[in-house]
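What follows is a single structure, written as structure tokens, with notes after it.
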Amino acid sequence: MMKKVVSLILFTFCFISTFTHANPITTQPQANQSFKLNQSLKNEAGSCSYTVRIKTSCSSPSYTRDQISLAFGDAYGYQVYAPRLDDPYSHTFERCSTDTFQINGPCTYQICYLYLYRTGYDGWVPESVTVSGYNSRPVTFYYNTGIPYGVWYGFDYCHGSSASTSIATV
């Protein structure tokens, strides 16, 4: 009897300890040195329109002269590329603001990766990027961190189980 009680106490302690000290599932954007733009499917994939909403963090500089490009796509290799979304004269990417872009590109299935590319020295900081399109549920990628200079930086959930826990649909 005493053995069962001790076993039960140990099991309960291990169970509680596991859940109180477990690390939450969080993902951070990553630099992808090997990311390449895929322009080969551009004419074969049709043409679709996407709405992209980029929210700039309140910890970002008040305005930026950084050059910002975007690429996103699906697990089948269909990719949309939008060079130079920035325009300091129209006040894009100001601190605490949300900018909306209409982007045309190849039709994709469910969007599962998104990368941003930044050059410049202001240190623009995005909070989140939401993409919605014809064949894809709206999807939001949460950055909340600065984009390194001269490297594609973001998320790729196309080939992992983390897509269901790390990409929030809108």
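Residues take their numbers from the sequence shown, with the count starting at 1. Because the structure is a prediction, the values reported are computed rather than measured.
- By the 4.5 Å heavy-atom criterion applied to side chains, Tyr115 and Asp156 are counted as neighbours.
- Taking 4.5 Å as the limit, some side-chain heavy atom of Ile54 sits within range of a side-chain heavy atom of Phe93.
- For residues 69-88, the set of pairs meeting the salt bridge (charged side-chain N to carboxylate O under 4.0 Å, His left out) definition, not counting sequence neighbours, comprises Arg84-Asp86.
- Here salt bridge (charged side-chain N to carboxylate O under 4.0 Å, His left out) pairs that include residues 97-117, with residues two or more places apart or in two chains, number zero.
- Taking the side-chain contact (heavy atoms from CB on, under 4.5 Å) definition, one finds that Ser69 meets it with Tyr81, Pro83, Tyr117, Trp152, sequence neighbours left out.
- Distance OG/Ser49 to OH/Tyr134: 12.5 Å, rounded to 0.5 Å.
- In the hydrophobic cluster analysis, where Ile, Leu, Val, Met, Phe, Trp and Tyr join through side-chain heavy atoms closer than 4.5 angstrom, Val131 is grouped together with Ile103.
- Annotation: side chain of Pro106 is in contact with side chain of Val80 (closest heavy-atom distance under 4.5 Å).
- Here the two rings, on Phe155 and Tyr143, have centers that are under 6.0 Å apart.
- With sequence neighbours left out, the side-chain contact (heavy atoms from CB on, under 4.5 Å) criterion links Ser62 to Arg95.
- Inspection of the Asn32 and Tyr153 side chains reveals no N or O donor paired with an N or O acceptor under 3.5 Å.
- The distance from atom OG of Ser97 to atom NE2 of His91, rounded to the nearest 0.5 Å, is 10.5 Å.
- Put simply, the side chain of Ile147 reaches to within 4.5 Å of the side chain of Pro126, judged on heavy atoms.
- Checked against side chain to side chain donor-acceptor pair (under 3.5 Å), Thr51 has the following partners two or more places apart in sequence or in another chain: Gln102.
- When the ring-ring contact (aromatic ring centres under 6.0 Å, His included) test is applied to Phe72, the partners found at least two apart in sequence or on another chain are Tyr50.
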Go through the steps to decide whether Tyr113 and Phe35 satisfy the test side chain to side chain contact (heavy atoms under 4.5 Å, CB included), and finish with yes or no.
-> CA-CA 11 Å; Tyr113 73 85; Phe35 180 74; 3.7 Å; yes
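- Tyr63 is linked by a ring-ring contact (aromatic ring centres under 6.0 Å, His included) to nothing, counting only residues two or more places apart in sequence or in another chain.
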Would you check, one step at a time, whether the test side chain to side chain contact (heavy atoms under 4.5 Å, CB included) holds for Val129 with Arg53?
-> CA-CA 6 Å; Val129 180; Arg53 284 189 320 271; over 6 Å; no
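- The OH atom of Tyr78 lies 14.0 Å from the CD1 atom of Ile111; values are rounded to the nearest 0.5 Å.
- Inter-residue side-chain proximity for Tyr157 and Thr27 is flagged as met; some heavy-atom pair is nearer than 4.5 Å.
- Here Gln110 contributes atom CD and Tyr76 contributes atom OH; the two are 10.5 Å apart, rounded to the nearest 0.5 Å.
- Ala75 approaches Cys112 most closely through the heavy-atom pair N-SG, 3.4 Å.
- Every residue two or more places apart in sequence or in another chain that forms a side-chain contact (heavy atoms from CB on, under 4.5 Å) with Val125 is listed here: Ser57, Ser59, Ser60.
- Annotation for Ser128 and Tyr142: closest pair CB-CD2, 3.9 Å, computed over non-hydrogen atoms.
- In this structure, the side chains of Thr108 and Asn135 stay at 4.5 Å or more apart for every pair of heavy atoms.
- In this structure, the side-chain contact (heavy atoms from CB on, under 4.5 Å) partners of Gln30, at least two apart in sequence or on a different chain, are Gln28.
- Side chains of Leu70 and Leu114 form a contact here, defined as non-hydrogen atoms less than 4.5 Å apart.
- Surrounding CZ of Phe101 are more than 12 heavy atoms belonging to other residues, nucleotides or ligands, all under 6.0 Å away.
- Shown here are the side chain to side chain donor-acceptor pair (under 3.5 Å) partners of Thr119, two or more places apart in sequence or in another chain: Gln67.
- Judged as a ring-ring contact (aromatic ring centres under 6.0 Å, His included), and not counting sequence neighbours, Tyr89 has no contacts.
- Under the salt bridge (charged side-chain N to carboxylate O under 4.0 Å, His left out) criterion, the residue pairs touching residues 118-130 are Lys55-Glu127, Arg65-Asp122, Asp66-Arg118, with sequence neighbours excluded.
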